[in-house]
Amino acid sequence: MNFLVLPPGWTAVVFETIGSTNDEALRRAEAGAPEGTVIVSRQQEGGRGRRGRTWTSPPGNAYSSTIIRPRCVPERAAQLGFVTALAVCDAAAAGLPGERAIRLKWPNDVLVDGAKISGILLESAMATDGSVGHVVIGTGINVAVPPPAGVATYAAACLRDLGDRRDAPEVLHAYLAALAARLAQWRQGFGGTRADWLARAAWLGERVAVSQGDTRVEGRFAGLDADGALLLEPSDGPPRRIVSGEVFRPVG
Ligand SMILES: O=C(O)CCCC[C@@H]1SC[C@@H]2NC(=O)N[C@@H]21
């Protein structure tokens, strides 16, 4: 990293290489590191994705994990996925040509012209009073290197191939500034975050499929409820409230 400008009060620990920035941030959070501690690495040797997947992490992309201490109920802490996706979206929008379509796929994927440009992994721990004591917000943004062919099970791209001329430290700077601003918005309540997320939502009002392990349900994506659950209207049954799963476009 040649430079890193941080939001006021935040501190960064920068590595040349690391196993996983999330693992390091979780360790430091357990040891008492304050909110706004950011672990950054130029590359990761054991980058982790959702559902136990590997996150290939060569130099050229932006890898960070930020410690937040929300002290709230788990349902509210889960909204940090929307906060983070909006921050990545803001950071991407600042460097991409205006004609690119940036959309948010529930719960926290960021798509540019239909291709995923980042991954978000939230990991948390409870405090003794039953609230969420800390959340580690892990984000990998594909700046200069797309996932290797055959690894991604979805369309994926990097910002540079989409016309963004910035390098990883510049994108990371934009992302962390946006994350601080989006966290401030969320602390006022979920309404603003929810409205801004819906304004960028992919496939809102359209037919989608949601897979949850071995089960799959299809219906119209009707919006988000007040907590951030996906509202799905199947054609042959009552409306459903979905709290986890993968959303995609049904074929046919
Ligand atoms: O599967 C996903 O989409 C989430 C990928 C999250 C990857 C980031 S890179 C920085 C942080 N450290 C990790 O080990 N994972 C997250």
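One is the number of the first residue; the rest follow in order along the sequence. Quantities reported herein were computed from a predicted structural model and do not represent experimental measurements. What you see below is based on every heavy atom in this structure, not just the backbone, and it leaves out hydrogens, waters and symmetry mates. One-based numbering, in listed order, for ligands and for the atoms of each.
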Got a sec, which hydrophobics cluster with Leu231, joining ILVMFWY side chains under 4.5 Å apart, including via others? none
More than 12 heavy atoms of other residues, nucleotides or ligands under 6.0 Å from CZ of Arg240: is that the case? no
In a table with atom names and distances, give each donor-acceptor pair under 3.5 Å that connects a side chain of residues 113-121 to protein atoms at least two apart or in another chain.
residue : atom : partner : partner atom : Å
Asp113  : OD1  : Ala101  : N            : 2.9
Asp113  : OD2  : Arg100  : NH1          : 2.7
Lys116  : NZ   : Asp109  : OD1          : 3.2

Scan for side-chain hydrogen bond (donor to acceptor under 3.5 Å, both in side chains) pairs involving residues 178-188, sequence neighbours excluded, and state none if there are none. Glu35-Arg187, Gln79-Trp186, Asp90-Arg182, Arg182-Gln185, Arg182-Asp196, Gln185-Asp196
Indicate yes or no for a side-chain donor-acceptor contact from Trp106 to the backbone of Gly228 under 3.5 Å, with no hydrogens or angles considered. yes
Phe221 ring center within less than 6.0 Å of Trp203 ring center: no
Lining ligand 1 at under 4.0 Å, by non-hydrogen atom distance, are residues Ser20, Thr21, Asn22, Gln44, Gly47, Arg48, Gly49, Arg50, Trp55, Tyr63, Ser64, Ser65, Lys116, Gly119, Ile120, Leu121, Gly138, Thr139, Gly140
